[in-house]
Amino acid sequence: MPELPEVETVRKGLNQLTLEQEIEGGEVLCDRRPSGLSHSIAHPPSVDEFLQAMRGARIVQWHRRGKYLLAQLRRKGNASGWLGVHLRMTGQLLWVAPEEPLAKHTRVRLEFKSGKELRFVDQRRFGRVWWVPADLAPEKIMTGLAKLGPEPLSEDFSVEYLRRTLERRKRAIKTALLDQSLIAGLGNIYADEALFLSGIHPETRCCDLSVSQLEELKRAVVQVLEDSLREGGTTFSHFLNVQGVNGNYAGVAWVYGRRGQLCRRCDKVIERVKLGGRSSHFCPQCQAIKN
DNA sequence: AGACTGCCCTGGCGGC
DNA sequence: TGCCGCCAGGGCAGTC
């Protein structure tokens with residue numbers, strides 16, 4: 001499940017490998033579902049139109065907002081819109097030689113004149129690819145972009161912002177951390193890790209958090225993201241960087257995925273609860289409920 | 001407005 | 001060994 005550090009790692013790799021090379025063709029792989037023909041292109045509705053937009057384009061730069069990737073496109077010196085990608089759970093962007101055998105769940109191929117291919121591979125098919133025409137703002141087409149809260153590694157993400165945003169909310173802090181409209185880019189792994197590091201029980205109501213707890217939480221969120229970023233993302237799940245290499249962060253997970261194992265800090269057994277349809281892992285001693 | 005729920009999707013795993 | 005059903009979860013639509 002790529003979260004901010006993984007998406008950022010992919011972005012950096014793409015900026016090293018894919019810029020200023022003409023896209024000469026591509027392919028969108030469809031498969032026949034009971035519900036009909038299915039593919040990963042969210043926009044435009046026509047696959048042909050998508051591929052036509054890709055042909056002849058070059059990528060100027062890759063950007064990231066939350067967990068969204070955005071490639072700025074140019075054709076013959078003119079702006080030609082944006083290529084947007086969201087990896088969701090299992091999506092991967094891989095920079096490969098054309099003769100590389102197609103992975104089973106390959107959804108999109110973009111062929112570059114330089115003799116390389118960018119492939120979007122996505123086992124569970126939650127991931128999405130968009131083309132946004134140059135005369136539209138990306139958030140008009142990629143509507144999720146418009147709803148994103150501040151970047152957690154920016155100055156906008158302050159203790160004061162957290163206090164102002166959470167002080168009247170009654171829901172659990174864990175579900176608030178996963179809400180992309182409050183903070184952009186956190187997912188289940190780093191939310192659980194940040195709550196452990198700040199000693200906060202995931203079921204604590206937002207409005208019950210003290211200012212010192214919010215300070216701890218803010219610090220912990222920044223720390224887990226920066227630590228993971230430094231290692232090139234987590235080794236968990238399906239994450240691979242563009243060159244097909246896993247990250248290095250997993251060894252230091254305090255609670256995520258450790259239900260039934262002993263807390264690395266106090267030896268109590270790590271527990272798991274369901275919150276908003278997502279599992280939350282926590283240490284019942286290090287993250288005692290505050291009233 | 002805020003807070004829920006269910007849905008999409010596939011592979012891996014537990015249980016029998 | 002085989003089969004069934006459950007589980008993983010990001011974002012979005014729908015509901016109250």
Side-chain angles (χ1 to χ4, degrees), chain A residues 1-8 10 29-43 64-70 84-93 103-108 120-130 138-149 151-152 162 164-193 195 202-208 225 233-240 250 253 255-260 270-281:
Chain A
M1 58 218 77
E3 305 181 29
L4 188 154
E6 289 75 35
V7 178
E8 181 64 14
V10 169
L29 295 93
C30 297
D31 49 352
R32 179 68 67 179
R33 308 292 311 156
S35 53
L37 215 51
S38 160
H39 59 73
S40 301
I41 310 298
H43 188 88
R64 179 191 60 75
R65 179 75 174 94
K67 301 172 199 170
Y68 291 83
L69 286 164
L70 270 172
V85 180
H86 197 303
L87 303 172
R88 294 280 191 100
M89 302 298 300
T90 55
Q92 301 167 345
L93 282 170
K104 186 176 175 189
H105 301 293
T106 305
R107 309 296 176 193
V108 182
F120 179 60
V121 180
D122 185 23
Q123 176 198 102
R124 238 175 282 178
R125 305 194 306 154
F126 284 4
R128 287 290 173 267
V129 176
W130 297 261
E139 58 266 29
K140 294 289 176 201
I141 299 293
M142 302 163 64
T143 51
L145 278 177
K147 299 168 189 148
L148 293 179
E151 287 287 324
L162 281 178
R164 192 179 349 121
T165 310
L166 302 179
E167 67 182 350
R168 275 182 291 275
R169 299 193 190 240
K170 295 186 172 69
R171 65 165 153 171
I173 182 60
K174 172 60 187 291
T175 55
L177 289 179
L178 294 179
D179 186 337
Q180 303 297 297
S181 73
L182 302 182
I183 308 166
L186 273 190
N188 213 28
I189 296 174
Y190 299 111
D192 278 0
E193 294 295 293
L195 285 172
E203 290 177 293
T204 312
R205 297 195 306 172
C206 295
C207 57
D208 289 339
L225 294 177
T234 181
T235 62
F236 288 148
S237 185
H238 298 77
F239 172 66
L240 296 176
V255 287
Y256 182 80
R258 299 192 68 239
R259 177 178 61 153
I270 301 299
E271 296 180 14
R272 186 177 70 171
V273 289
K274 262 294 201 243
L275 281 175
R278 304 289 176 262
S279 59
S280 284
H281 312 77

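This one's a predicted model, so the numbers in the text were calculated from it and none came from an experiment. Chain letters run A, B, ... following the sequence lines, proteins first, then strands; residues in each count from 1.
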Mind calculating the distance between [atom1] ([X]) and [atom2] ([N]) to the nearest angstrom?
X	N	atom1	atom2	result
A/Lys174	C/dG9	NZ	P	8 Å
A/Leu186	C/dG9	CG	C1'	15 Å
A/Met89	B/dG11	CE	C1'	12 Å
A/Arg125	B/dG11	CZ	C1'	13 Å
A/Leu178	C/dG11	CG	P	9 Å
A/Asp179	B/dA1	CG	P	14 Å
A/Leu182	B/dG2	CG	P	9 Å
A/Leu4	C/dG11	CG	C1'	16 Å

Show each protein N/O and nucleotides 3-5 of chain B N/O combination with a separation under 3.5 Å, one pair to a line.
unit_1 : atom_1 : unit_2   : atom_2 : d
B/dA3  : OP1    : A/Lys170 : N      : 3.0
B/dA3  : OP2    : A/Arg169 : NH1    : 3.3
B/dA3  : OP2    : A/Arg171 : NE     : 3.3

Using the six-membered ring wherever Trp is involved, compare the ring planes of A/Trp130 and A/Tyr68 and label them parallel, tilted or perpendicular (cut-offs 30° and 60°). tilted
Between A/Glu151 and A/Leu4, does the side chain to side chain contact (heavy atoms under 4.5 Å, CB included) criterion hold? Intermediate values first, please. CA-CA 9 Å; A/Glu151 287 287 324; A/Leu4 188 154; 3.7 Å; yes
Of B/dG11, B/dC9, C/dA8, the nucleotide closest to the side chain of A/Arg272 is C/dA8
If you check every side-chain atom of A/Lys104, which of B/dG11, B/dT10, C/dG9 has the closest atom? B/dG11
Between the side chain of [X] and the main-chain N/O of [Y], is any donor-acceptor distance below 3.5 Å?
X	Y	result
A/Glu167	A/Thr165	no
A/Arg169	A/Cys206	no
A/Glu3	A/Ile189	yes
A/Arg107	A/His105	yes

Using the side chain to side chain contact (heavy atoms under 4.5 Å, CB included) rule, take A/Asn188 and A/Lys174 through it: C-alpha gap first, then chi angles, then the decisive distance, then the call. CA-CA 9 Å; A/Asn188 213 28; A/Lys174 172 60 187 291; 2.6 Å; yes
Short side-chain N/O contact to [N] OP1/OP2 from [X], under 4.0 Å:
X	N	value
A/Arg124	C/dG9	no
A/Tyr256	C/dG9	yes
A/His86	C/dG11	yes
A/Ser279	C/dG9	yes
A/Gln180	C/dG11	yes
A/His105	B/dG11	yes

Protein-nucleic acid N or O pairs under 3.5 Å, nucleotides 12-16 of chain C:
unit_1 : atom_1 : unit_2  : atom_2 : d
C/dC12 : OP1    : A/Tyr68 : OH     : 3.2

Stacking check: are the rings of A/Phe126 and C/dG10 less than 5.5 Å apart at their centres and under 30 degrees in tilt? yes
Axis-to-axis angle across the helix from B/dG2-C/dC16 to B/dC16-C/dG2, five pairs each end, nearest 10 degrees, ~ 50°
Might you point out which heavy atoms bring A/Glu193 and A/Val255 nearest each other, and give the distance in Å? OE2-N, 2.9 Å
Taking it one step at a time, do A/Leu69 and A/His86 satisfy side chain to side chain contact (heavy atoms under 4.5 Å, CB included)? CA-CA 6 Å; A/Leu69 286 164; A/His86 197 303; over 6 Å; no
CG of A/Leu186 to CG of A/Asp179, rounded to nearest 0.5 Å, is 11.0 Å
Start with the C-alpha distance between A/Met142 and A/Leu70, add both sets of side-chain angles, then the distance that settles side chain to side chain contact (heavy atoms under 4.5 Å, CB included), and finish with yes or no. CA-CA 10 Å; A/Met142 302 163 64; A/Leu70 270 172; 3.6 Å; yes
Under 6.0 Å from the CZ atom of A/Arg168, do we count more than 12 heavy atoms belonging to anything else shown? no
